[in-house]
There are 2 protein chains.
Amino acid sequence: MDDIDRRIVAALQRDGRITNVELAELVGLSPTPCARRVARLEAEEVITGYGARVDPVRVGLPVSIFVSVELERQDREAITTFERAVVTLPEVMECYLMTGSRDILLRVVAEDLTTFNHFLEERLMRLPGIRSIRSNFALRTLIRRQSLPLGPNGS
Amino acid sequence: MDDIDRRIVAALQRDGRITNVELAELVGLSPTPCARRVARLEAEEVITGYGARVDPVRVGLPVSIFVSVELERQDREAITTFERAVVTLPEVMECYLMTGSRDILLRVVAEDLTTFNHFLEERLMRLPGIRSIRSNFALRTLIRRQSLPLGPNGS
DNA sequence: ACTGAAAATGACGCGCG
DNA sequence: CGCGCGTCATTTTCAGT
């Protein structure tokens with residue numbers, strides 16, 4: 001991972017459909033070695049794939065809710081069991097194991113609060129090993145960045 | 001936004017480099033009308049762009065920290081001022097205006113805790129209008145989904 | 001469906017560490 | 001001596017008509 005690799009990754013994060021020729025001249029390489037680097041970055045799973053960026057509001061999912069889940073037990077097995085269950089819920093966009101009270105933080109998307117409530121009662125609360133749940137609603141999304149800060153100054 | 005549109009968006013979220021021909025047969029259309037729909041979805045900003053998916057760990061940003069920021073004042077102007085300042089920090093991947101204590105929730109990425117601490121003291125705490133800051137660390141990322149749940153069953 | 005264009009792939013020679 | 005870049009030619013594939 002040298003500086004050119006970082007510039008390649010940064011450029012592909014901004015525009016995943018850039019052609020190899022354009023990318024090459026952006027990073028100051030000729031097409032062939034540039035393509036080689038991209039292939040290597042993909043093989044190393046630095047780049048894990050390519051996708052369209054979609055506006056959640058315009059596809060009818062304007063609401064984000066942060067849900068803190070406390071498990072009955074916090075050992076490795078309980079966490080694994082919960083993890084395997086929670087990945088089956090497509091509404092859960094992010095899931096983190098947190099320090100502190102060692103609970104779990106989810107970001108869930110929903111059409112509206114009614115839909116979320118239904119999701120909460122019928123789906124999430126039925127997962128195994130949950131002691132308590134606490135929900136916090138996002139009124140508005142100020143930032144949702146798609147590009148990681150790469151490079152020295154954070155490209 | 002009909003069902004075919006949703007399938008197009010879902011397919012492009014999974015693979016943003018799929019060709020129009022492949023996409024067309026995936027959704028059961030011939031290439032030309034399929035391309036028209038994609039162009040429309042882009043024009044309507046349902047699809048806002050295309051990007052590479054990058055593994056945060058493999059580019060040296062394995063740590064996510066959730067930072068709750070309480071502002072001194074919670075009126076529209078104070079929020080706007082803060083928003084304009086916080087977008088200049090590339091480490092801030094997400095930023096939400098929350099209900100309840102009406103504070104702001106950030107997800108920040110960092111190389112390690114030392115780097116984060118530096119970011120906190122030298123950058124974030126210097127933003128205008130902050131009353132208090134509280135940080136919660138993610139030990140592990142269990143899910144980071146890139147595709148919104150579209151369609152009836154959540155494609 | 002066709003045509004024109006552009007990009008990805010492979011082979012080869014070169015320079016630098 | 002080996003690794004990585006550059007140029008060239010070939011083949012495939014895509015978008016526009």
Side-chain angles (χ1 to χ4, degrees), chain A residues 1-56 58-59 145-155, chain B residues 1-62 111 144-148 150-151 155:
Chain A
M1 257 314 254
D2 61 6
D3 198 62
I4 293 179
D5 284 339
R6 273 186 288 274
R7 290 172 65 183
I8 288 174
V9 172
L12 285 174
Q13 275 194 112
R14 279 195 303 117
D15 181 4
R17 283 192 158 182
I18 191 174
T19 66
N20 185 52
V21 175
E22 291 173 300
L23 179 61
E25 63 186 33
L26 258 181
V27 302
L29 246 55
S30 66
T32 304
C34 182
R36 267 201 278 267
R37 280 173 181 263
V38 173
R40 181 176 50 76
L41 290 167
E42 289 171 354
E44 289 171 346
E45 292 181 297
V46 174
I47 294 170
T48 57
Y50 300 87
R53 283 192 281 266
V54 176
D55 185 335
R58 289 195 161 89
V59 294
R145 220 184 281 280
Q146 31 259 338
S147 296
L148 292 162
L150 300 175
N153 50 359
S155 70
Chain B
M1 260 309 259
D2 62 6
D3 198 61
I4 293 179
D5 284 339
R6 273 186 288 273
R7 291 172 66 183
I8 288 174
V9 172
L12 285 173
Q13 275 194 109
R14 281 194 302 115
D15 181 4
R17 284 192 157 182
I18 191 175
T19 64
N20 185 50
V21 176
E22 291 173 300
L23 180 60
E25 65 186 32
L26 259 180
V27 302
L29 247 52
S30 61
T32 304
C34 182
R36 265 201 279 271
R37 279 174 183 261
V38 173
R40 180 175 52 75
L41 290 166
E42 290 171 353
E44 288 171 348
E45 292 181 297
V46 174
I47 294 170
T48 57
Y50 300 88
R53 284 191 280 266
V54 175
D55 185 336
V57 175
R58 288 194 160 90
V59 294
L61 295 166
E111 304 170 29
R144 183 167 302 134
R145 222 184 281 280
Q146 26 258 337
S147 296
L148 292 162
L150 300 174
S155 67

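Order of the sequence lines fixes the chain letters, A, B, ..., with proteins taken first and strands second; residue numbering starts at 1 for each chain.
D/dG4 atom C1' lies 15 Å from atom CG of A/Leu41, rounded to whole Å. The distance from atom CG of A/Asp5 to atom P of D/dC3 is 17 Å, rounded to the nearest whole Å. Atom CD1 in A/Ile4 sits roughly 18 Å away from atom P in D/dC3 (whole-Å rounding). Put simply, CZ on A/Arg40 is 14 Å from P on D/dC3, counting in whole angstrom units. Remark: P of C/dA8 and CD1 of A/Ile18 are 10 Å apart, rounded to the nearest angstrom. Note: CG (A/Leu29) to C1' (C/dC16) measures 15 Å, nearest angstrom. The CG atom of A/Asp2 sits 8 Å away from the P atom of D/dC5 (whole-angstrom rounding). Rounded to whole Å, the distance from CZ on A/Arg36 to C1' on C/dA8 is 13 Å.
Side-chain atoms of A/Thr19 lie closest to C/dA7 of the nucleotides C/dA7, C/dA11, D/dC14. With D/dC5, C/dT9, D/dA15 as the choices, the nucleotide that has an atom nearest any side-chain atom of B/Asn20 turns out to be D/dA15. Which of D/dC14, C/dT9, D/dC5 sits closest to the side chain of A/Arg37 comes down to D/dC5. Relative to the side chain of A/Pro33, the nucleotides C/dA8, D/dC8, D/dC5 differ in distance, and D/dC5 lies closest.
Test A/Gln146, A/Arg14, A/Arg17 against B/Tyr50 for side chain to side chain contact (heavy atoms under 4.5 Å, CB included) and you get one pass: A/Arg17.
When side chains are defined from C-beta on, A/Leu41 does not count as touching A/Leu12, because their heavy atoms never get closer than 4.5 Å. With a 4.5 Å cut-off on side-chain heavy atoms, B/Asp2 and B/Arg37 count as touching.
One distance of note links CG of B/Asp5 with CZ of B/Arg40; it measures 4.5 Å at 0.5 Å rounding.
Between A/Glu22 and B/Thr32, the residue whose closest nucleotide on DNA chain C is further toward the 5' end is B/Thr32.
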